[in-house]
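Here is the structure we will look at.
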Amino acid sequence: MKLYIYTLLALFVFTLYQCQSYKKTTGAARPGLMPDTTGSPVIPADAAIKLMKLENGFEVKLVAAEPLVTAPVALSFDARGRIWVVEMVGYMPDVYGKGEDRPNGKIVILEDKNGDGVADERKVFLDSLVLPRAICLIDGGILVAESPNLWYYEIKNDQPGKRILVDDKYAVEGNVEHQPNGLLRAMDNWIYNAKSTKRYRKYGDRWVTEETHFRGQWGISQDNYGRLYYNDNSTNLMSDYFSPGYGAGNPDQHGVEGYSERTVRDNRVYPARPTPGVNRGYMPGTLDDSLRLRNFTAACGPLIYRGHLFGDAYDFNAFVAEPSANLIKRNVLTEKGFVVSGTQAYQGKEFLASIDERFRPVSLYNGLDGALYVVDMYRGIIQHKTYVTPYLRNIIEERKLAQPLGCGRIYKIVPKNSKTAAVKFTEEPGALVAMLGHQNGLVRDMAQQILIDGRYRSAIPYLRAALGHKDRPLQLIHAMWVLEGLSALQTNEVLELLRSPQWPVKMQALSVLPAVINGSSYRYFRDELLKMVAADDQMAAPYLGFAASYIRPYDAPAADALLLALVKKYPDNPYVSAAVISNLSYREEQFAGEIAGLVPDANLAINKQLKKVITGVNNSQKNRDPSLLIRDFPKGAALFASSCQTCHAPDGNGIKSLAPPLNKSEWVTGNKEKLISIVLYGLTGPVKINGYVYEAPEISADMPGIAHSDEISDNDVAQVLSFIRGSWENNAGKVSIDEVAKVRKQYKDREKAFTIAELEGK
C-alpha cells in the first residue's frame with residue numbers, strides 16, 4: 001500500500017514538473033510580457049487570462065489551477081461554498097488513447113481557506129476511478145458516475161462512507177464522448193442527465209429510476225422554471241418547452257413536440273485565433289479563409305445564467321462552451337407563449353475567446369457568489385480517439401499537443417470592480433425559506449435542497465406562508481417544490497395554485513400534479529383540469545394532455561374525456577397533439593378510430609402524429625429477432641451499441657437532432673461499397689432517405705468515420721454492417737471482411753468525409 005502511495009506521489013510530482021518545465025522553456029511566465037503562444041505551449045493560468053478576449057465590462061478571475069486541480073471536467077458547490085471537482089485524468093493519455101482504462105481519476109474538494117476567492121486547499125475524496133464524468137451532492141452523500149456504474153457514497157467527515165450501487169447500467173453504451181453525464185438536480189427534485197433517457201430520485205434509503213426524454217450530449221442546465229437546456233456537439237442550444245417529467249410515457253412516440261427543440265439555430269462561431277486543429281479542418285467549409293472554425297464542432301456545457309451580478313441584459317441568457325475553438329458563446333433567449341427561442345448576442349465576436357490553444361472550456365456553472373464559473377480541462381487533445389483523423393493526429397504530433405497532461409483550471413467571470421462573496425447558509429428554517437426568494441438561482445436551488453435533505457419539517461409553516469407570496473413568484477415556486485420533496489404538499493394548496501393568474505405559478509402547479517394525484521385527490525384535480533379545458537386555457541392545454549395519464553389509473557373514462565375535449569378544441573396544435581398521444585401507449589389505433597368522426601381532416605396535427613406513431617408500431621412488429629442477430633454477429637452488435645445507437649437509436653429509427661434512420665434506409669440496404677465508404681470515412685451534409693432530405697439542424701451535419709481508429713478492424717466493420725443490414729426490417733445480406741478491406745485499400749489515403757453527391761457518382 002505504501003509503495004502504491006509513493007508511486008502516485010511520484011507521478012504527481014513528475015506531472016507538476018512537466019507543466020513547470022513547459023512554462024520555463026517557453027518564456028510564458030516572463031513578468032510584464034504577453035505570453036508567447038508560438039507552438040501552443042502551456043501558459044501559466046494568470047498569464048493565460050491575458051490571452052482571453054472578453055466582453056467589455058467583465059473580467060476573468062482564477063479560482064484554481066494545477067497542481068491544485070488536474071483535468072477537471074465537472075464541478076458542484078456544497079453549502080459551505082466548497083467546490084467538488086471531477087478529474088478525468090485518464091482521458092486521451094496520448095494521440096492514440098492508450099491507457100484510458102487506468103484508474104487515475106479523482107473526486108476532489110477545493111476550498112478557499114483565507115477568503116481571497118482563490119482555492120488554496122485540495123482534499124482527495126475519491127481516487128482510483130476510471131474516467132469519472134459527473135457528480136451530484138444529495139442527502140448527505142454524493143452520486144458519482146463512473147462508467148458503466150452510478151454509485152452513491154455516504155460522506156463522513158469528507159471521506160467516503162458506505163457505497164451503494166444506484167444503477168449498474170448508467171453508461172454501458174457509447175464511448176467517452178457519447179455516454180451519460182450531467183446529474184443535474186433539478187427544480188422538480190429529480191436528477192437528470194445529458195446523453196441519457198434516465199432520471200433518478202432518492203426517497204429515504206430507496207433509489208428510483210424512471211425513463212425520460214433523451215437529451216443532448218455533454219452538459220445540462222435549467223432555467224428559473226425548471227425547464228432543461230442541452231445541446232450536441234454541432235448544435236448551439238436545445239431545450240424543453242415543458243417541465244421535464246412529462247411526455248415520455250409512450251415508448252412508440254419517437255420525438256415529442258416541445259422536447260429536444262432547437263432553441264438557438266445559429267451555429268456560427270468566431271474564434272480569436274486560427275483553429276486548424278479541429279478534426280475535420282481539412283474539409284471545405286469547416287474553416288474560413290483565416291483558418292478559423294466556422295460552426296460549432298464540440299459544443300458542450302450549456303448554462304442558463306441565473307446569477308445576480310450581470311445585470312438586466314443577462315436575465316435570460318444561455319452560455320455555451322466550444323473547447324475546439326477556445327471560446328464561450330453568449331445567447332439571448334426570449335419566450336413567446338411556451339416557446340423559448342434565442343439569438344446569438346453578437347455577430348463577429350464571442351463573449352469570451354482565447355488565443356491559447358490549450359484553453360478547453362468543457363463545463364459552465366452558476367456560482368453561489370453570482371459569478372459564471374468555467375471548467376477548463378486545459379490540454380492539447382480534446383477529440384476522442386474513436387474519431388481522430390490522420391489530419392488531426394498529424395497536427396497534434398507536429399505541434400506536440402499531446403503533453404503535458406497534468407494541467408487544469410477553474411475560472412470565474414464577474415463584472416469589473418464587483419464585490420463577490422458566496423452566500424452563507426444557515427440552519428434556521430425561516431431563514432432558509434427566505435433564501436428560496438434570493439436573487440441568485442443557485443442559492444434558491446441549494447436552499448431547496450438543504451430543506452429537503454435535512455427533512456426540515458419545522459419549516460413547513462414558513463413554506464405554506466410562502467405559497468401566499470404572489471409578489472414573490474420564484475420563492476412561491478421553490479416553496480411548493482420543497483413541500484413536494486417533504487411529502488407535505490396538500491391538495492387544496494395545489495388547486496389554489498392551479499387557479500393562479502400568473503402563468504409561471506400555474507405552470508409549476510401543473511408540473512407537480514404527478515406527485516400529488518392519488519386515490520383520494522384525483523377527483524378534485526380531474527374536475528379542475530376539465531374546467532381548464534372548458535375555459536380555453538391555451539397555455540395550460542399541453543400540460544392538461546400530459547396530466548391526463550395520471551388521472552387514468554383512477555378514472556379512465558374521465559381521462560379519455562379530457563383527451564377528447566383537448567383534441568376537439570386543439571386538433572391542429574402540435575404540442576397538444578403530442579401531449580395527447582403521450583397517453584396512448586398500445587392504444588393509438590383505437591383512439592384514432594374514436595376521433596375519426598370528430599376531426600376527420602388527415603392534415604390536422606393530431607391525425608398526422610397519430611399516423612406516424614401507428615405506422616412505426618406496425619413496422620416494428622415486422623422487425624427481425626434481435627437475439628438471432630446478436631448470436632450471428634456478436635462483435636457487430638457490441639459495436640453498434642457502443643458507437644452507433646447513441647445517435648441512430650436502438651430501433652434504428654434515428655434520434656431527433658442527431659442522426660437519420662438506418663431502418664429501411666436505401667443507404668443501408670443498397671450498395672455495399674457505398675455503405676462501407678460511409679462507415680469508414682464518414683458522411684457530411686444532407687442525405688436523402690426514402691425521398692426525405694435530412695439536414696442540419698434536424699440532424700447533425702456530419703457523421704464521423706472510423707477508418708482511422710486502431711481499435712476497429714475490418715472484421716469489426718463487416719460485423720456491424722452485417723448486423724445493421726439484417727436488423728429491424730432490413731434484410732439485405734452480410735458484408736464480408738474482404739469487401740471492407742477492398743474499400744479501405746481503395747481509399748487508403750482519404751481523410752475527408754464523403755458527400756452524397758460523391759457517393760451517387762460511384
Side-chain angles (χ1 to χ4, degrees), residues 134 136 143 145 147-150 152 165-174 178-203 206-217 220 222 226-230 232 238-261 511-515 517 542-543 545-553 559 578-588 609 612-613 616-617 620 626 641 645-658:
C136 177
L143 282 172
S147 307
N149 300 316
L150 180 62
Y152 177 73
L165 181 60
V166 176
D167 186 355
D168 64 352
K169 294 180 176 60
Y170 175 79
V172 294
E173 298 153 352
H178 290 277
Q179 288 183 329
N181 61 88
L183 292 176
L184 171 70
R185 195 171 176 187
M187 178 180 281
D188 67 358
N189 299 318
W190 285 85
I191 297 166
Y192 292 87
N193 297 276
K195 202 67 180 183
S196 172
T197 59
K198 294 180 181 179
R199 66 175 188 166
Y200 303 90
R201 187 160 180 181
K202 190 172 188 287
Y203 292 97
R206 181 172 61 97
W207 282 96
V208 174
T209 304
E210 284 189 358
E211 286 294 307
T212 183
H213 300 276
F214 179 89
R215 296 178 171 98
Q217 185 168 343
I220 187 167
Q222 69 173 350
R227 295 170 298 195
L228 301 183
Y229 297 76
Y230 36 93
D232 60 57
M238 302 165 66
S239 70
D240 299 343
Y241 296 160
F242 307 112
S243 295
Y246 275 133
N250 189 338
D252 296 311
Q253 186 182 18
H254 301 293
V256 179
E257 278 72 4
Y259 291 90
S260 294
E261 297 286 353
S511 302
V512 84
L513 288 177
I517 292 176
Y543 283 91
F546 292 132
S549 62
Y550 296 92
I551 298 291
R552 185 171 180 78
V580 168
I581 294 170
S582 72
N583 291 261
L584 302 178
S585 183
Y586 307 114
R587 59 191 190 99
E588 293 89 354
Q609 290 188 27
K612 181 179 179 181
V613 174
V617 171
S620 68
Q645 77 173 32
T646 51
C647 292
H648 292 282
D651 62 5
N653 288 317
I655 294 177
K656 182 180 179 181
S657 83
L658 287 179

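Just so we're clear, the structure is a prediction, and the values are computed from it rather than from any experiment. Computed from heavy atoms alone, side chains included, the values below leave out hydrogens, waters and symmetry copies. Numbers here simply count residues along the sequence, with the first being 1.
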Query - Neighbour count >12 (heavy atoms, 6.0 Å) for atom NZ, K198 - result: yes
Requested in this report: Tell me, please, which residues at least two apart from D188 pass side chain to side chain donor-acceptor pair (under 3.5 Å).
Outcome: Y192
Requested in this report: Report yes or no: does Q609 contribute a side-chain atom to a donor-acceptor pair with the main-chain N or O of A578 at less than 3.5 Å?
Outcome: yes
Query raised in the report: How long is the gap from CD1 on I517 to CD1 on I551, to the nearest 0.5 Å?
Result: 4.0 Å
**Report entry** Matching residue for Y170 among N149, T209, L183 - test: side-chain contact (heavy atoms from CB on, under 4.5 Å)
**Finding:** L183
Requested in this report: Using a 4.5 Å cut-off on heavy atoms from C-beta on, say whether the side chain of S582 contacts that of Q253.
Outcome: yes
Query raised in the report: Any side-chain heavy atom of Y550 within less than 4.5 Å of one from L513?
Result: no
Query - Distance in Å, I191 CD1 paired with R201 CZ, rounded so as to fall on 0.5 Å steps - result: 9.5 Å
Report task. Ignoring hydrogens and angles, tell me if any N or O in the side chain of D252 forms a donor-acceptor pair with the backbone of Y586 under 3.5 Å. Result -> no
Query raised in the report: Taking C-beta and beyond as the side chain, do D240 and R215 meet within less than 4.5 Å on heavy atoms?
Result: yes
Query raised in the report: Is a side-chain donor or acceptor of S243 paired with a backbone partner of G245 at a separation under 3.5 angstrom?
Result: no
Query raised in the report: Can you find a pair of side-chain heavy atoms, one from N193 and one from I220, that are under 4.5 Å apart?
Result: no
Query raised in the report: From Q217 CD over to Y230 OH, what is the distance, rounded to the nearest 0.5 angstrom?
Result: 13.5 Å
Requested in this report: Please list, chain by chain and in numerical order, all residues satisfying side chain to side chain donor-acceptor pair (under 3.5 Å) with Y200, sequence neighbours excluded.
Outcome: D167
Requested in this report: Report the C-alpha distance between L228 and H213 in whole Å, list the side-chain angles of each, state the deciding distance to 0.1 Å, and finish with yes or no for side chain to side chain contact (heavy atoms under 4.5 Å, CB included).
Outcome: CA-CA 11 Å; L228 301 183; H213 300 276; over 6 Å; no
Query raised in the report: Ignoring hydrogens and geometry, is there a side-chain-to-backbone donor-acceptor pair from N583 to S549 under 3.5 Å?
Result: yes
Query raised in the report: Can you say whether the rings of Y259 and F242 are parallel (under 30°), tilted (30 to 60°) or perpendicular (over 60°)?
Result: tilted
**Report entry** Heavy-atom side-chain proximity of H178 to C647 below 4.5 angstrom
**Finding:** yes
Requested in this report: Can you measure from CG (L165) to CG (L150) and round to the nearest 0.5 angstrom?
Outcome: 8.0 Å
Report task. Examine distances only and state if a side-chain atom of H254 and a backbone atom of V613 form a donor-acceptor pair shorter than 3.5 Å. Result -> no
**Report entry** Candidate pair L143 and W207, rule side chain to side chain contact (heavy atoms under 4.5 Å, CB included), full reasoning
**Finding:** CA-CA 11 Å; L143 282 172; W207 282 96; 3.8 Å; yes
Report task. For W190, check ring pair (Phe, Tyr, Trp, His ring centres under 6.0 Å) against everything at least two apart and list the hits. Result -> none
Requested in this report: Search all heavy atoms of M238 against all heavy atoms of S260 and return the closest pair with its distance.
Outcome: CE-O, 3.8 Å
